[in-house]
Structure formats: structure tokens, C-alpha cells
J.: 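Dropping the structure in here first, questions after.
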Amino acid sequence: MSAERKRRLLSACALAAGLLFAGCDGLFDVENPNNVKGEDLTRPEAASAVVNGAFGTVARGLAASLGVYSPVTDEITYIGSRDAWNQLNIGELNDPQNEFSNVAFPFVAQGRWMADEAIRVVESFQEEGTLRDPRLLARAYMYGAIAYMNIADTWEDFALSDRGEAAPPVGPENMGGLYDTAVDYLTKGLAIASAVNDLDLRLTMTALRSRAHHAKAVWTLLNPPSGTPADPLVSSEAAVQDALAFFALGPDPDWRYAITLSGDDMVPGGEITLGHNMNDRAELQFGPAYVSTDPEDPAAITGITFMDLIDDIPDPHVSAEIQAFRDAFIYTTETVVSAREMHLILAEDALANGRTGDAVAQINAVRALDEVTAYDPGVHPETPLEMLRHERRSSLFLMNRRLSDMYRFGITAPAWDPSADAVVAPGTFFPIPQVERLANCHIAGTC
């Protein structure tokens, strides 16, 4: 029976029921044409929908992670009324009952699961020879890599469960392996993107793989949490090679891969997203190191306080990012990876290996994008390390990089309590929250 005939039958039954209070047996025995069953996803025609679903859920997971991660850093501060935001703001991360980490975790978990499911489903189409567009599989790998990196960036432990089938926690000591999973996915995706000569996918996945290698090196430096490292710089030859390969592809100078949230991607109610909690609810605000606010109304920004180290003007990149964030209101854009980050990965590797001239050249490549004065260590008093720290702080603003940088560079946020986790155990991230501890039999001890 066609959908139109079903609709007419339902209307007729409803009318008859209203008039006669009888008749039309099985009134509610009508199939919903919008109802998608699990077996429908095994059809090759579903490949695009499955991959797009992975994108949407991974985007929600990114937004949720940024929402709980940023208030711990100096990028965002607490100005509202909900105590759980203040708990994060003072540097207390390790409470599994924090309401906002509990809200964030399921969305991050859903994104990871959906990305892996998309990979599984679309891989099967490829093996059967029914996959019409191989770029769909490349995209699935890319979204999976983003999901795994996001987890490793934000959580100190995680459970990779499969819907109702609980999985044991990965273990804090094994979380760095999630970056390896991301690298594996990106390597597979790059092979496809190269075969079909999709430049956009090649650029994005090459940059992401460089970033995954660099992030793994930072994770290794900070784990297990044991204080500020004596040498905060990391060096990864794999990250360097991918960054160089990225630039060899000829990207736009200020290239970025970013995700703009929409009404479909938003966490329901905006409960955890920065756009909602800063621009709408006014629970959070940019930190005092970045903006000045009206003493009578802390939600009202009166100026930019984050200044360029050399020109002593409001930092152009941060100023632009703050303005764009405010203009977007709730549906903000999150940069996942950028050409700026590739320059800074190359700069850090050069500095870590004593090639100061190369490091300065990469730092100045970033500064040129903002049209500010080039850095000259023979003229300016700032050290190359200070410049690297500043440019990372500027160019990676609101990209879930700041907390790791604060830990490794020995920086504390003004709001951190001296006894807080972020102060006494640099390298601490979010534990598995209570919502998963109660539901996961491996944690609850009920398996």
C-alpha cells in the first residue's frame, strides 16, 4: 500500500471514529513511512545517510566536549549560577558526578559509536562491490578519526561500548592508543582520497593525521600526570612529514577544516554547548585574559585584553574568533584543524631540535596571516619559546588544545583553586562519569 493510500485510510478511520465511536479496527496499525529500521542500513543506498549520521553525531560530541573542556582553561570563565560550571572553572575535573561531564559523555560516546558503525557498514558495501562512491568510506574514516582524537584529548578514561553491550574501560594508561586508531583510520581514508584525487579530503586527512601524531606526543609527555614537564616541547617526525605533505598539496594560506553546528547537530536544549551557555544563558564568558567586561554586566564585553606580544594591539585572530562566536549566537563554528596548526607543529619540532631559524620562519608564517610584525629574535625581547606559546594560544583558540598546553607550559588559570586537580596533578582530564559508571557492568561490578 502506498504512503498516500495509508494516509487517506488513516484520515478516513479517524473521521469515522469521531462520528461513530466505532469501526476501523486496527486504527493504529499503520506503518510510519519515516520509520527507519536497522536492517534498512544494510542496503547500499543507505551509505550516504549512514555517513552523514556519523558526521552529525560526531559534531554533537565535539560541541559537548568543547563545552566542558573550555571552562577549565583560561579561555572561558564562569559568571552564572550553576555550581557545576564553577567546579570546572576552579580546575576540579576529577569528579565523576559533575553534571556537565555527565551530560557530555553520552554525546561523545554516541558520536564514536556511530562513526565506527558507519565504517563497518560502508566497508561491507566496499567488500561486496556495491559502494557507489568510495569517498563515502573515506569520510567515514575521517569522522571516526575525529571522534577518537576528541576522546583522547578530553577524557582520562573511556568505555567503547556497543549500544547495549557494555565494554570495559580502555584504562588511563591506554588512552594514547586512541590516537593510533585515528592514525589508522586516516591512513585508510587517505589511500581512498588519493585514489580518487579528492583534494579537499586529502588536505583535511593529511592535516588531521599530522595533528594526531603531535597530540599523541603531547599525551605521552603528560601521562601519567606527574607535574609540569621539565621540557614542554614535543617532536614527532611523523607529524612533521604529514605537515610538510599538507603544504605540498597547496592549501589556501589560512585554510581550516571547521564544523558549523546547526539545529540538527545541537545537543538538545543547548545544555552543554558554549554558544548557548555564553551567548544565551550567560553562565560563561571569555576569560579576563581575553576580554574585559562591564562590571555591572559580566555578559557584556567591553574590549579585547589578549594583546599581540610584539605590536601590543588586540590579537587579530582571537579578536576575529570572538566576534564570529558572538555573531553566531548559538550555532557556532568549531575549527577542527588548520594550516596555522601545521605551521606551529613544524615550529615546535624545529625548536625542540635546536633549529631556531626554522622555528622562527614557521611562527612568522602564522603572523603574516594576521598582518602583524614579523618576529626577529635578534631585535625583540621575547624568546622563540614565548612566541610559540603565544601563537598556539592565539591560533588554536577554542580548539580543545589549551588545557594540554597549560599543563605542559606550566600555566595556571586565574580561577584555579590551589588544591584543584588541574594544579596538583597537571595532566588530569575528565574521568568516566557517573552516568556510565552506573550503566556499565564492568565498572559497576555486575557483569
Side-chain angles (χ1 to χ4, degrees), residues 51 54-55 58 61-62 65 108 111-120 122-123 126 134-158 160 170-196 198 200-223 234-249 251 255-257 259 335-339 341-346 348-349 352 396 399-401 404 429:
V51 174
F55 171 78
V58 169
L62 283 175
S65 290
V108 176
R112 192 284 310 169
W113 180 86
M114 188 62 202
D116 275 342
E117 182 69 0
I119 291 170
R120 183 190 68 80
V122 181
E123 275 183 342
Q126 182 190 49
R135 290 174 298 180
L136 290 171
L137 181 54
R139 285 176 52 207
Y141 284 132
M142 185 173 75
Y143 301 147
I146 292 171
Y148 274 86
M149 281 193 283
N150 179 43
I151 293 169
D153 289 341
T154 312
W155 304 88
E156 68 180 28
D157 199 1
F158 210 82
L160 305 176
V170 171
E173 70 281 5
N174 299 318
M175 287 292 286
L178 301 189
Y179 293 115
D180 299 332
T181 300
V183 167
D184 179 60
Y185 282 168
L186 291 166
T187 300
K188 292 176 179 177
L190 270 168
I192 297 170
S194 298
V196 300
D198 189 312
D200 287 340
L201 282 175
R202 291 175 67 194
L203 280 168
T204 304
M205 286 192 282
T206 302
L208 284 170
R209 194 170 66 177
S210 175
R211 199 258 143 177
H213 285 302
H214 182 268
K216 172 71 178 293
V218 172
W219 182 91
T220 302
L221 181 70
L222 294 174
N223 282 276
V234 301
S235 174
S236 167
E237 181 61 25
V240 166
Q241 292 305 313
D242 275 333
L244 293 173
F246 167 82
F247 286 117
L249 292 171
W255 176 95
R256 69 171 73 186
Y257 174 67
I259 295 174
T335 300
V336 180
V337 70
S338 67
E341 187 165 21
M342 297 300 98
H343 283 301
L344 295 173
I345 286 173
L346 293 173
E348 181 170 354
D349 181 83
L396 308 183
M399 287 176 60
N400 272 18
R401 311 287 193 271
S404 288
F429 286 91

J.: CG of Leu396 to OG of Ser338: how many Å apart, nearest 0.5 Å?
T.: 6.0 Å
J.: Can you tell if the side chain of Asn223 reaches within under 4.5 Å of the side chain of Pro172, non-hydrogen atoms only?
T.: no
J.: Test: salt bridge (Lys or Arg N to Asp or Glu O under 4.0 Å). Region: residues 235-248. Which pairs qualify, not counting sequence neighbours?
T.: Arg209-Asp242
J.: For Ser235 and Asp349, which heavy atoms make the closest approach, and how far apart are they?
T.: OG-OD1, 2.5 Å
J.: To the nearest 0.5 Å, tell me how far Asn174 CG sits from Asp180 CG.
T.: 10.5 Å
J.: For residues 183-193, which residue pairs qualify under salt bridge (Lys or Arg N to Asp or Glu O under 4.0 Å), counting only residues two or more places apart or in two chains?
T.: Asp184-Lys188
J.: Step by step, would you call Ser210 with Met342 a side-chain contact (heavy atoms from CB on, under 4.5 Å)?
T.: CA-CA 8 Å; Ser210 175; Met342 297 300 98; 3.6 Å; yes
J.: Which heavy atom of Ala138 sits nearest a heavy atom of Leu201, and at what distance?
T.: CB-CD1, 4.1 Å
J.: Look up atom OG1 in Thr206 and atom CG in Leu244, then write down how far apart they are to the nearest 0.5 Å.
T.: 11.5 Å
J.: Picking from Thr154, Asn400, Val336, Val108, what satisfies side chain to side chain contact (heavy atoms under 4.5 Å, CB included) with Leu62?
T.: Val336
J.: Which heavy atom in Ala212 sits nearest to a heavy atom in Val183, and how many Å separate them?
T.: CB-CG2, 3.8 Å
J.: Tell me whether Glu117 is salt-bridged to Arg120, with the criterion being a basic N under 4.0 Å from an acidic carboxylate O.
T.: yes
J.: Could you pull out all residues at least two apart from Arg112 that satisfy salt bridge (charged side-chain N to carboxylate O under 4.0 Å, His left out)?
T.: Asp116
J.: Answer whether the closest heavy-atom distance between the side chains of Thr220 and Tyr179 falls below 4.5 Å.
T.: no
J.: Applying side-chain contact (heavy atoms from CB on, under 4.5 Å) to Tyr141 and Leu137, what does each step give before you reach the verdict?
T.: CA-CA 6 Å; Tyr141 284 132; Leu137 181 54; 3.5 Å; yes
J.: Measure the CG-CE distance between Asp198 and Met205 for me, rounded to the nearest 0.5 Å.
T.: 7.5 Å
J.: In chain order, what residues pass the side chain to side chain contact (heavy atoms under 4.5 Å, CB included) check against Ala118, with sequence neighbours excluded?
T.: Val50, Ala54, Ala140
J.: Which residues pass the salt bridge (charged side-chain N to carboxylate O under 4.0 Å, His left out) test with Arg256, sequence neighbours left out?
T.: Glu321
J.: Is there a donor-acceptor contact under 3.5 Å linking the side chains of His214 and Glu348?
T.: yes
J.: Please test Ile151 against Met175 for side-chain contact (heavy atoms from CB on, under 4.5 Å), starting from the C-alpha separation and ending with a verdict.
T.: CA-CA 9 Å; Ile151 293 169; Met175 287 292 286; 3.7 Å; yes
J.: If I take atom OG1 from residue Thr335 and atom CD1 from residue Ile259, how far apart are they, to the nearest 0.5 angstrom?
T.: 10.0 Å
J.: Identify the heavy atoms of Gly61 and Asn150 that sit nearest to each other, and give their distance.
T.: O-ND2, 3.5 Å
J.: Taking side chain to side chain contact (heavy atoms under 4.5 Å, CB included) as the test, write out the residues that go with Pro251, two or more places apart.
T.: Leu203, Phe246, Phe247, Trp255
J.: Any side-chain heavy atom of Ser194 sitting closer than 4.5 Å to one from Arg202?
T.: yes
J.: Can you name the nearest heavy-atom pair linking Val58 to Ala115, along with the distance?
T.: CG2-CB, 4.1 Å
J.: Looking only at non-hydrogen atoms, find the nearest pair between Leu136 and Val51 and report the distance.
T.: O-CG2, 3.5 Å
J.: Set out, in order, the CA-CA distance, both residues' side-chain angles and the distance that settles side-chain contact (heavy atoms from CB on, under 4.5 Å) for Asp200 and Tyr257, then state yes or no.
T.: CA-CA 9 Å; Asp200 287 340; Tyr257 174 67; over 6 Å; no
J.: Given Leu178, which of Trp219, Tyr148, Trp155 fulfils the side chain to side chain contact (heavy atoms under 4.5 Å, CB included) condition?
T.: Tyr148
J.: With a 4.0 Å cut-off on N to O distance, would you call Asp153 and Arg211 a salt bridge?
T.: yes
